[in-house]
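Below is one structure, written out as structure tokens; the observations come after it.
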Amino acid sequence: MQQQPAKQQHELAQINNTPTFAELAKNQLMHKYGMTVQEWAIYDAEISIGLLKLRTAFPTQTRNYNDKEHDMLITLWLEIFVAIEPGIFHEAIMRFIATDRKGFFPSPGQVMGIVEDIKTEREWQAEEERAEAEAIRWQQIQQRIDNGENCSTCKFCEHRDTPQKLGSAKTEVQLYCQNSDSFKYEGQYGHGTVATILCEHYEKKLAD
């Protein structure tokens, strides 16, 4: 068998070592978003699986694609959805498949619209959960206050006889927080604090 000339062998080797379009796009995206090889593998698998599900649900749309066209399809979707959390992308694909009544392979823009809807829903849900948690926290604080946990029973609060008005002989007991970590801290100065607010540093005052 006749061997190829050295020059021809060198040219073939260069062609074989030339990065494909998909490889170039991968390297650019990994560099742009600071992805590790492992992170890229997870992301690439998520997009590829999503597209495979779409091709299964809409088989006629990409049936005649050659290998290069399939690579271009995946690369395009990778570039568009690179900043989207994989779980959201998967949910968007499944929503489209479940609700579509036209039978056409979706454009990236159609799926992105569903992605944005999901993100909005999640943000609203997270906000509701935060508001609910905050309401519960304040209910718990109020319950503690009602049960006698307040500045007047806290070991960090100093009780002082303080003039009711400047120069007045009449006094009243004022509370002065001595815990510098508390938002109620007054030390030796200030106008005194009230007992109906409870801070996170409360510790019950031991009986004299």
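Heavy-atom basis, side chains included; hydrogens, waters and symmetry copies ignored. Keep in mind the model is a prediction, meaning the values are calculated, not measured.
- Checked against side-chain hydrogen bond (donor to acceptor under 3.5 Å, both in side chains), Tyr202 has the following partners two or more places apart in sequence or in another chain: Thr153.
- Checked against side-chain hydrogen bond (donor to acceptor under 3.5 Å, both in side chains), Gln139 has no partners two or more places apart in sequence or in another chain.
- Applying the ring-ring contact (aromatic ring centres under 6.0 Å, His included) definition to pairs two or more places apart or across chains, those involving residues 43-63 are Trp40-Tyr43, Phe58-Phe96.
- Expressed to the nearest 0.5 Å, how far NE2 of His31 lies from CD of Gln28 amounts to 9.5 Å.
- Partners of His201 by ring-ring contact (aromatic ring centres under 6.0 Å, His included), not counting sequence neighbours: none found.
- For the side-chain contact (heavy atoms from CB on, under 4.5 Å) with Ile80, the qualifying choice from Leu78, Leu76, Ile84 is Leu76, the only one to do so.
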Distance-only check: which donor-acceptor pairs under 3.5 Å involve side-chain atoms of residues 45-54, not counting sequence neighbours?
unit_1, atom_1, unit_2, atom_2, d
Ser48, OG, Asp44, O, 2.8
Lys53, NZ, His90, NE2, 2.7

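- For Glu158 (side chain) and Phe156 (main-chain N/O), no donor-acceptor pair under 3.5 Å exists by modelled atom type.
- Remark: Lys155 engages Glu203 in a salt bridge (Lys or Arg N to Asp or Glu O under 4.0 Å) (not counting sequence neighbours).
- When the salt bridge (Lys or Arg N to Asp or Glu O under 4.0 Å) test is applied to Glu85, the partners found at least two apart in sequence or on another chain are Arg122.
- Among residues two or more places apart in sequence or in another chain, the side chain to side chain contact (heavy atoms under 4.5 Å, CB included) test is passed with Glu200 by Phe183.
- Closest non-hydrogen pair, Leu175 versus Ser152, comes out as CD1-N, 3.7 Å.
- Scanning both residues, Glu39 and Thr36, for their nearest heavy atoms gives OE1-N, 2.9 Å.
- Not counting sequence neighbours, the partners of Glu127 by the salt bridge (Lys or Arg N to Asp or Glu O under 4.0 Å) test are Arg130.
- For Gln142, the side-chain hydrogen bond (donor to acceptor under 3.5 Å, both in side chains) partners two or more places apart in sequence, or in a different chain, are Asp146.
- Listed here is the closest heavy atom pair of Phe81 and Pro108: CZ-O, 3.5 Å.
- In this structure, the separation between OG1 on Thr99 and CZ on Arg101 is 6.5 Å, given to the nearest 0.5 Å.
- Taking SG of Cys154 as the reference point, atom NZ of Lys205 lies at 10.0 Å (rounded to 0.5 Å).
- Shown here is Glu134, whose CD atom has more than 12 heavy atoms of other residues, nucleotides or ligands within 6.0 Å.
- Side-chain contact between Met30 and Val37 is present, with heavy atoms from C-beta onward closer than 4.5 Å.
- Leu73 has its side chain out of reach of Glu69: every pair of non-hydrogen atoms, C-beta onward, lies at least 4.5 Å apart.
- Separation of atoms SG (Cys151) and CD (Gln174) is listed at 11.5 Å; rounding is to 0.5 Å.
- Put simply, CG on Asn179 and SG on Cys199 are 6.5 Å apart, with the number rounded to the nearest 0.5 Å.
- Looking at residues two or more places apart in sequence or on another chain, you find no side-chain hydrogen bond (donor to acceptor under 3.5 Å, both in side chains) involving Glu128.
- Partners of Arg95 according to the salt bridge (Lys or Arg N to Asp or Glu O under 4.0 Å) rule, which considers only residues two or more places apart in sequence or in another chain, are Glu91, Glu121.
- We find the CG-CD distance between Asn147 and Gln143 to be 4.5 Å, quoted to the nearest 0.5 Å.
- The two atoms that bring Gln110 and Phe105 nearest to each other are OE1-O, 4.4 Å, heavy atoms only.
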